[in-house]
Amino acid sequence: MSRSRRRGPAADTRSVNTSRLSVRTEVSPVQTVAQTLTGMCSDHELEILNLYCRTCDQLVCTDCVLQKHKLHDWCKVKDIADDKRADLYSNTQKVLEKTLPKFEQTLQDVQQISRENQKKKKETLQKIEDQSTAILACVRRIEKKLKEAVEQSFQSCLEGERDIREDFRNLSGLSKECEMVSQKGSDTDAIMVNSKLEKYIRQVTDLHSDSFKCDSSFEPGTIDNEEIEKTFGRVNVVSRPGRSNYVPQVVVGERKLLSKTTLNEDITSICSLGNQIWLHPRGSTENVVLDHEGNFATVKNFGVVVSHAFAKSLDGFLLCVDHVGKAILKLSGDGKFSKVVNTAPMKPLSICMTREGQYLACLEDSPSNGHAKTSQSRVFRLSVSGRIVQSIGTRLFKSPKKVLENTNSDICVIDKPQDQSCLLSVVSSAGVSMFKYTALSPSDVCCDQYSNIILISHRRPDVQILDHKGALLQTVLAVDIDNTFSALCVTIDNDAIWVAGTNGSVARIEVVYN
């Protein structure tokens with residue numbers, strides 16, 4: 001097809017009535033951002049998007065082709081512009097003739113369903129309220145029954161007191177009568193009264209005050225929240241299918257083991273921060289920074305040994321924990337640390353910052369007797385000031401070591417039950433258990449933008465990718481199988497999974513979302 005013929009349909013697009021589309025375009029945040037960046041590369045400042053990568057289906061600049069897209073199929077923009085313009089015309093016609101009418105009908109159906117959902121929501125909430133009323137009524141009946149049993153038990157003791165009081169009055173009166181009869185009464189009266197007196201004497205002789213103590217008591221039963229929840233009932237949550245739950249396929253690209261970190265120590269923490277990768281060697285105050293490609297950038301001396309707990313703040317700065325100093329620290333732009341939260345008397349093991357600006361933290365109780373075996377770690381949600389807002393999964397975790405908020409607000413916890421391998425435990429933001437993953441003993445976890453969960457284990461050289469429900473999507477070798485590699489920590493940026501481990505080793509795994 002000639003150039004002139006290809007430009008024909010494109011020219012017609014100027015006469016197409018796109019008023020229905022223009023409204024949608026104005027409210028689309030994606031297109032608004034794109035319009036402000038038209039023609040310029042977002043990765044390389046002041047570089048023009050004058051090339052097109054067919055492999056990735058995106059505009060690129062010259063620097064992109066020399067780096068990330070070097071081995072891809074690319075061409076000049078003018079060589080593919082006519083084809084893309086024709087595609088634009090075809091897609092526009094498809095939207096106007098088919099997609100919009102169908103979408104309008106779908107909107108009407110959804111509005112009707114929303115009204116039905118509101119009605120169903122009201123009915124469901126009423127059922128929960130009715131169940132709560134029924135359970136409370138049952139509790140009141142049990143309370144009444146127990147109180148009646150206590151009343152009956154103690155009532156018998158009170159009645160015994162009245163009987164003793166009556167016997168005392170009778171015996172006192174009888175004693176006076178016996179005294180008179182013994183002096184002035186007839187022989188018959190003396191015998192009869194004496195027989196009666198002997199009977200009272202036998203009763204009083206065998207009587208002990210301790211026998212009137214009531215030993216009845218109340219032993220509270222164990223309040224099991226899980227059993228109460230089972231009795232109350234459960235809500236069957238059904239996720240809405242569609243765009244909000246769409247997760248593209250993860251395609252693994254180039255894998256490479258970096259040898260430019262200049263480290264020999266084990267790397268216990270790694271964090272993606274902007275275009276940099278931060279590494280923390282075990283037991284060192286110095287921390288290494290790599291660029292986006294894995295090249296050595298610089299070394300930062302913190303002056304304090306942080307534990308394996310690098311995290312990212314909402315404003316893009318590095319967070320870490322001081323286990324000894326019992327504090328959460330923040331690295332500011334001038335390279336200095338500031339204490340943002342004091343966790344004393346508990347020691348922080350791991351932290352992350354939520355999208356709402358709160359902290360999730362694994363905090364360890366300091367044992368009073370100095371024995372480490374008696375310490376216990378728990379997961380808390382903290383306010384910015386460090387106030388405990390929520391204790392999460394108190395009965396669900398044995399010894400949590402790492403906590404992370406997924407992009408869907410679920411909470412991922414690496415737990416270490418006693419004398420067992422580590423496992424991944426995922427709970428909702430409210431602390432309700434979602435699932436546990438025990439297929440490997442994870443040493444670290446991170447999550448991508450689609451709520452996929454990425455796990456590594458120091459016992460294996462591979463990376464496991466799960467969906468947000470715990471289903472295994474795929475397993476990827478961090479490095480070639482013939483390399484000795486033990487993974488200790490993991491992080492992810494826009495297009496790569498970074499795995500660090502023993503002897504200063506770092507692996508970069510390129511990922512593409514189709």
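- Test D43, N494, D495 against H292 for side-chain hydrogen bond (donor to acceptor under 3.5 Å, both in side chains) and you get one pass: D495.
- Salt bridge D493/R508: absent, no basic N to carboxylate O contact under 4.0 Å.
- Counting heavy atoms from C-beta on, the side chains of Y450 and H468 never come closer than 4.5 Å.
- Remark: H69 engages H72 in a ring-ring contact (aromatic ring centres under 6.0 Å, His included) (not counting sequence neighbours).
- Between F296 and L290, the shortest heavy-atom contact is CA-CD2, 3.9 Å.
- Listed here is the closest heavy atom pair of L440 and S457: CD1-CB, 3.5 Å.
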> Would E104 and L107 satisfy side chain to side chain contact (heavy atoms under 4.5 Å, CB included), going step by step from the backbone distance to the final call?
Replying inline: CA-CA 5 Å; E104 185 176 7; L107 175 60; 5.5 Å; no
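- Heavy atoms only, all atoms of each residue included: L424 and L466 are closest at CD2-CD1, 4.1 Å.
- Contact record, K312 with G274: NZ-N, 4.5 Å, taken as the closest heavy-atom pair.
- Within the 4.5 Å cutoff, no side-chain heavy atoms of L273 are placed close to those of F310.
- How far SG of C447 is from CG of D410: 9.0 Å, rounded to the nearest 0.5 Å.
- The pair R378-D365 meets the salt-bridge criterion, since a charged nitrogen lies less than 4.0 angstrom from a carboxylate oxygen.
- A donor-acceptor distance shorter than 3.5 angstrom exists from the side chain of N91 to the backbone of D87, with no hydrogens or angles considered.
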Which atom pairs, one a donor and one an acceptor, fall under 3.5 Å between side chains of residues 46-53 and the rest of the protein, sequence neighbours left out?
residue, atom, partner, partner atom, Å
Y52, OH, D57, OD1, 2.0
Y52, OH, K84, NZ, 3.1

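- A donor-acceptor pair under 3.5 Å is absent between the side-chain atoms of T343 and the main chain of K347, judged by distance alone.
- Side-chain atoms of V60 and K68, non-hydrogen and from C-beta on, never get closer than 4.5 Å to each other.
- Distance check: D109 CG to S114 OG gives 10.5 Å after rounding to the nearest 0.5 Å.
- The pair D415-K398 does not meet the salt-bridge criterion, since no charged nitrogen lies less than 4.0 angstrom from a carboxylate oxygen.
- Between P281 and E286, the shortest heavy-atom contact is CD-O, 3.2 Å.
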>> Under the criterion salt bridge (Lys or Arg N to Asp or Glu O under 4.0 Å), I'd like the reasoning laid out for K401 against D444: C-alpha separation, chi angles, the key distance, then a yes or no.
In response: CA-CA 9 Å; K401 302 299 183 185; D444 200 5; over 6 Å; no
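- Exactly one of V340, D322, V321 qualifies for a side-chain contact (heavy atoms from CB on, under 4.5 Å) with L329. That residue is D322.
- The heavy-atom pair separating A500 from I267 by the smallest distance is CB-CG2, 3.6 Å.
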